[in-house]
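Have a look at the structure below before the remarks.
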Protein chains: 2
Amino acid sequence: MGRRRALEYDCAIRDVLDRIGDAWSVLVIMELSKGPCRFNALRRVIEAISQRMLSVTLRNLERDGLVSRQVLDTSPPQVEYSLTQRGASLHGAISHLAHWAETHQPGIRTSRAAYDAKEPIAS
Amino acid sequence: MGRRRALEYDCAIRDVLDRIGDAWSVLVIMELSKGPCRFNALRRVIEAISQRMLSVTLRNLERDGLVSRQVLDTSPPQVEYSLTQRGASLHGAISHLAHWAETHQPGIRTSRAAYDAKEPIAS
DNA sequence: GCACATAGTTACCTGAAAGGAACCGCCATG
DNA sequence: CATGGCGGTTCCTTTCAGGTAACTATGTGC
């Protein structure tokens with residue numbers, strides 16, 4: 001996200017795009033919107049995510065008050081992540097965008113194909 | 001955007017986040033939502049953008065059918081960019097998110113400050 | 001007492017994207 | 001005839017998000 005700091009405009013939407021524009025945050029939010037989940041449980045459902053990136057992503061989301069981290073005093077101690085109210089409301093906003101994406105994806109794919117057809121990948 | 005190809009999930013929302021999650025697309029869409037604009041006019045209002053990135057951004061948006069590029073037959077020929085209907089509808093969806101961002105930004109900043117205070121930057 | 005799970009952290013590496021600057025042809029005005 | 005605007009492209013360099021892998025510490029079960 002560092003490259004965005006180069007931009008000197010300070011717009012609220014960039015703040016949120018810097019958070020959810022990355023590869024994993026949306027996935028994690030989507031998953032947690034279904035209910036609380038533990039670290040390794042998340043890893044298993046998201047599959048492709050590395051341990052490090054799940055850790056980093058969760059910490060960033062926690063920092064922004066979008067997810068909360070709760071250590072259960074089971075033995076061995078488990079850690080449960082869940083969306084905060086703010087996180088849930090962000091999930092709502094994302095869903096809105098997701099809906100747009102789904103309805104327009106076919107058209108976008110068509111546009112891309114048409115565009116790429118006009119400009120063949122010159123060798 | 002290439003790094004996202006590593007992810008094997010193919011979700012509509014990623015498609016749109018790959019487009020608008022970057023540094024400039026949202027800015028350009030925002031600006032064009034006010035009305036058509038020429039290349040160098042865009043450069044001047046966005047200021048921080050480099051010629052190259054404006055070029056790349058516009059081409060990507062055009063590829064997805066979000067903006068249209070129209071060469072005016074003035075002399076010298078000028079090029080006018082404008083939002084397509086699809087682009088305008090994306091602008092609507094983005095505004096929704098922007099609204100969320102604005103209402104929650106203060107809270108997020110507070111959360112960040114609190115979080116960072118707890119974990120001082122260990123030297 | 002060895003292996004495995006839970007929940008991470010740390011160090012190192014790489015590929016792709018962003019930045020910078022120069023260059024292009026075209027036109028027009030001084 | 002050269003300087004500047006227009007609308008880009010090309011090349012080079014740097015940055016950094018994300019991947020891999022190893023390591024941590026605690027606890028449980030075979």
Side-chain angles (χ1 to χ4, degrees), chain A residues 1-9 14 17-28 36-63 67-82 119 121-122, chain B residues 1-9 14 17-28 32 36-63 67-82 119 121-123:
Chain A
M1 251 137 277
R3 67 180 177 280
R4 276 123 185 181
R5 305 217 196 294
L7 320 177
E8 308 232 326
Y9 74 99
R14 276 257 50 98
L17 284 175
D18 283 350
R19 175 67 42 251
I20 70 168
D22 74 309
W24 301 112
S25 296
V26 168
L27 262 303
V28 170
C37 198
R38 285 175 308 103
F39 188 87
N40 280 311
L42 277 174
R43 270 192 81 188
R44 275 185 291 266
V45 357
I46 305 189
E47 300 194 65
I49 200 170
S50 68
Q51 204 163 13
R52 194 181 78 89
M53 284 317 295
L54 181 54
S55 181
V56 168
T57 301
L58 285 169
R59 217 150 301 296
N60 281 332
L61 292 172
E62 191 195 352
R63 184 166 103 100
V67 312
S68 70
R69 179 179 184 275
Q70 190 178 346
V71 180
L72 309 174
D73 66 342
T74 53
S75 171
Q78 299 184 325
V79 180
E80 193 173 77
Y81 292 91
S82 52
E119 297 193 9
I121 313 95
Chain B
M1 253 138 276
R3 66 180 178 280
R4 274 122 189 181
R5 305 216 196 295
L7 319 178
E8 308 233 324
Y9 73 98
R14 277 258 48 100
L17 284 176
D18 284 350
R19 175 69 39 250
I20 69 168
D22 76 306
W24 302 111
S25 297
V26 168
L27 264 302
V28 170
L32 289 181
C37 199
R38 285 176 308 103
F39 188 87
N40 279 311
L42 277 173
R43 269 192 83 188
R44 274 186 292 266
V45 357
I46 305 189
E47 301 195 64
I49 199 170
S50 69
Q51 204 161 13
R52 196 181 81 86
M53 285 316 294
L54 180 54
S55 180
V56 168
T57 302
L58 285 170
R59 217 151 304 297
N60 282 331
L61 293 172
E62 190 194 353
R63 185 165 103 100
V67 313
S68 70
R69 178 180 186 275
Q70 191 178 345
V71 181
L72 309 175
D73 65 343
T74 54
S75 169
Q78 299 183 325
V79 181
E80 193 175 75
Y81 291 91
S82 52
E119 297 193 11
I121 314 96
S123 69

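All values below were derived from every heavy atom in this structure, side-chain atoms included, with hydrogens, water molecules and symmetry-related copies excluded. Chain letters run A, B, ... following the sequence lines, proteins first, then strands; residues in each count from 1.
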How long is the straight-line distance from CG of B:N60 back to OG of B:S25, given to the nearest 0.5 Å? 6.5 Å

Just N and O in the side chain of B:W24: are any of them under 4.0 Å from OP1 or OP2 of C:dA17? no

Can you name the side-chain contact (heavy atoms from CB on, under 4.5 Å) partners of B:R43, sequence neighbours left out? B:F39, B:N40, B:Q51, B:L54

Interatomic distance where CD1 belongs to A:I49 and C1' belongs to D:dA17 [whole Å]: 13 Å

A:L17 CG to D:dA17 C1': how many Å, rounded? 17 Å

Take the protein atom CG of B:D18 and the nucleotide atom P of C:dA18, then report the distance between them rounded to whole Å. 11 Å

How many whole angstroms separate atom CD1 of B:I46 from atom C1' of C:dA18? 16 Å

Calculate the interatomic distance between A:N60 atom CG and D:dC16 atom P; express it in whole Å. 15 Å

Return the set of residues passing side chain to side chain donor-acceptor pair (under 3.5 Å) with B:T57 (not counting sequence neighbours), or none when no residue passes. none

Could you tabulate the donor-acceptor pairs under 3.5 Å formed by side-chain atoms of residues 71-78 of chain B, not counting sequence neighbours?
residue: B:T74; atom: OG1; partner: B:P76; partner atom: O; Å: 2.9
residue: B:T74; atom: OG1; partner: B:Q78; partner atom: N; Å: 3.3

Classify A:S50 by what it touches in the nucleic acid, base, sugar-phosphate, or nothing, heavy-atom distance under 4.0 Å. base

What pairs with B:R69 under side chain to side chain donor-acceptor pair (under 3.5 Å), at least two apart in sequence or on another chain? B:Y81

Check the distance between D:dG27's P and A:L72's CG and give it to me in whole angstrom. 16 Å

Side chain to side chain donor-acceptor pair (under 3.5 Å) with A:S55: which residues, sequence neighbours excluded? none

How many Å lie between CE on B:M53 and P on D:dT9, as a whole number? 13 Å

List the protein contact pattern of nucleotides 1-11 of chain C with one symbol per nucleotide (5' to 3'): B for base contact, S for sugar-phosphate-only contact, - for none; contact means a heavy-atom distance under 4.0 Å. -----SBBSBB

Separation of C:dA16 P from B:D22 CG (nearest whole Å): 17 Å

